[in-house]
Amino acid sequence: MPLKYKKLVVFFSLGILLIGLGTFAIISPDFHFSFHRQSSDNPARVASFGAIQTLEGKSETDIRQELDSLVERYYTAKQQVDMDTIASCVSNIGHIDEKKLMTEAEYVEGYQDIHCKILDGADNGSYRVYVYYYVKIYDIDTLIPSLNALYIKQMDDGSFKIYLDTLKSREQKYIDSLDQSKPVRELVTAVQKELRTVVSRDSEVRGFYQMLENAQKSDSAK
């Protein structure tokens with residue numbers, strides 16, 4: 001496995017990575033190749049999150065479409081390091097590290113098959129959005145999944161943005177409770193299950209995964 005991928009440990013580190021004050025989290029970013037994309041084991045299908053609250057002038061379908069569009073636009077801009085578009089997607093561009101995005105873009109060819117799982121947030125007009133997607137790394141054919149948790153709020157002008165500002169204690173506790181809820185735990189478990197399967201079957205992914213783990217251990221020991 002090429003040593004050039006060592007820098008990717010910063011993007012695929014295990015556990016929970018927080019940016020800002022609990023406003024943006026990556027939950028169990030694991031590695032996965034789907035051998036049976038249409039099976040019931042697909043993490044994008046495994047958990048039913050139910051209905052979400054509607055807003056004045058917006059149906060549930062409208063809200064889901066707007067959130068899906070926002071997330072798609074954000075990840076496209078992230079891969080392209082399009083800071084102007086990213087700024088239009090988030091509440092505070094100051095929490096986005098452009099240098100890290102540029103480093104990531106050297107290795108990430110694109111984000112594919114994005115699926116959003118949505119739960120109501122702490123307040124009306126806020127949503128916890130769990131984004132399951134595949135990452136295409138240059139020179140590696142196997143797709144790698146990540147499960148990201150975003151907090152999205154409706155702004156005063158009616159638009160939705162990924163919220164990257166300080167949360168109230170009440171809001172953070174509510175989000176924490178959502179992250180530990182049964183549907184979310186099922187989603188994380190499904191991703192982890194498929195990770196174990198692909199690591200055991202795919203030598204390229206196994207080597208990549210082991211390289212990242214070793215790089216992370218090396219960095220932690222410094």
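Residue numbers start at 1 and run along the sequence shown.
Shown here are the ring-ring contact (aromatic ring centres under 6.0 Å, His included) partners of Tyr133, two or more places apart in sequence or in another chain: Tyr75, Tyr111. A search for side chain to side chain contact (heavy atoms under 4.5 Å, CB included) contacts involving Ser181 returns Leu119, Pro183, Val184, not counting sequence neighbours. Annotation: side chain to side chain donor-acceptor pair (under 3.5 Å) contacts of Asp176 (sequence neighbours excluded): Gln172. Take Glu60 and apply the salt bridge (charged side-chain N to carboxylate O under 4.0 Å, His left out) test, not counting sequence neighbours, and it matches Arg64. Annotation: salt bridge (charged side-chain N to carboxylate O under 4.0 Å, His left out) contacts of Asp123 (sequence neighbours excluded): Arg170. The side chain to side chain donor-acceptor pair (under 3.5 Å) test applied to Glu109 returns Lys136, not counting sequence neighbours. Contacts of Lys161 classified as salt bridge (charged side-chain N to carboxylate O under 4.0 Å, His left out), with partners at least two apart in sequence or in another chain: none. Applying the side chain to side chain donor-acceptor pair (under 3.5 Å) test to Arg185 and every residue at least two apart in sequence or in another chain returns nothing. Evaluation of the side chain to side chain donor-acceptor pair (under 3.5 Å) rule for Thr61 yields no partner, not counting sequence neighbours.
Remark: Leu167 CG to Ile175 CD1 distance equals 5.0 Å, nearest 0.5 Å. Atoms NZ and CG, from Lys117 and Leu187 in turn, are 7.0 Å apart once rounded to the nearest 0.5 Å. Separating the CD1 atom in Ile93 from the CD atom in Glu98 is a distance of 8.5 Å, to the nearest 0.5 Å. Annotation: the span from Ile63 atom CD1 to Leu55 atom CG amounts to 4.0 Å, rounded to 0.5 Å. Considering SG of Cys116 and CD1 of Ile152, their distance stands at 7.0 Å, rounded to 0.5 Å. Taking CE of Met83 as the reference point, atom CE of Met102 lies at 10.0 Å (rounded to 0.5 Å).
Within the structure, no pair that satisfies the salt bridge (charged side-chain N to carboxylate O under 4.0 Å, His left out) test touches residues 82-93, not counting sequence neighbours. For residues 142-158, the pairs satisfying salt bridge (charged side-chain N to carboxylate O under 4.0 Å, His left out) are Lys153-Glu171, with sequence neighbours left out. Pairs engaging residues 67-76 under the salt bridge (charged side-chain N to carboxylate O under 4.0 Å, His left out) rule: none recorded [sequence neighbours left out].
Looking at Tyr127, its side chain never comes within 3.5 Å of a backbone N or O of Leu150 through a donor-acceptor pair. No donor-acceptor distance shorter than 3.5 angstrom exists from the side chain of Ser69 to the backbone of Gln65, with no hydrogens or angles considered. Side chain of Asp120 to backbone of Gln53: a donor-acceptor contact under 3.5 angstrom is found.
The nearest pair of heavy atoms linking Asn92 to Leu164 is CB-O, 3.6 Å. Minimum heavy-atom separation, Val81 to Ala105: CG2-CB, 3.8 Å. The two residues Val108 and Gln79 make their nearest non-hydrogen contact at O-NE2, 3.0 Å.
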Note to self: Would Tyr130 and Asn148 count as a side-chain contact (heavy atoms from CB on, under 4.5 Å) here? Give the steps.
What the structure shows: CA-CA 6 Å; Tyr130 301 90; Asn148 290 254; over 6 Å; no

Next item on the list: Go through the steps for Cys89 and Leu70 under the test side-chain contact (heavy atoms from CB on, under 4.5 Å), then give the verdict.
Entry: CA-CA 7 Å; Cys89 295; Leu70 171 64; 3.7 Å; yes

Margin query: Assess the residue pair Gln154 and Asn124 against the criterion (side-chain contact (heavy atoms from CB on, under 4.5 Å)); give the C-alpha distance rounded to whole Å, side-chain angles, the decisive distance to 0.1 Å, and a yes or no.
Written below: CA-CA 9 Å; Gln154 187 179 38; Asn124 195 37; over 6 Å; no

Checklist line | Check against side-chain contact (heavy atoms from CB on, under 4.5 Å), Lys58 and Glu66 | finding: CA-CA 10 Å; Lys58 295 181 185 289; Glu66 288 189 40; 2.6 Å; yes

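Side-chain contact between Val90 and His95 is absent, with no heavy atoms from C-beta onward closer than 4.5 Å. Taking 4.5 Å as the limit, some side-chain heavy atom of Asp179 sits within range of a side-chain heavy atom of Arg128. Using a 4.5 Å heavy-atom threshold, the side chains of Thr85 and Thr76 count as separate.
Under the 3.5 Å distance criterion, with hydrogens and angles disregarded, no donor-acceptor pair is assigned to the side chains of Tyr163 and Ser126.
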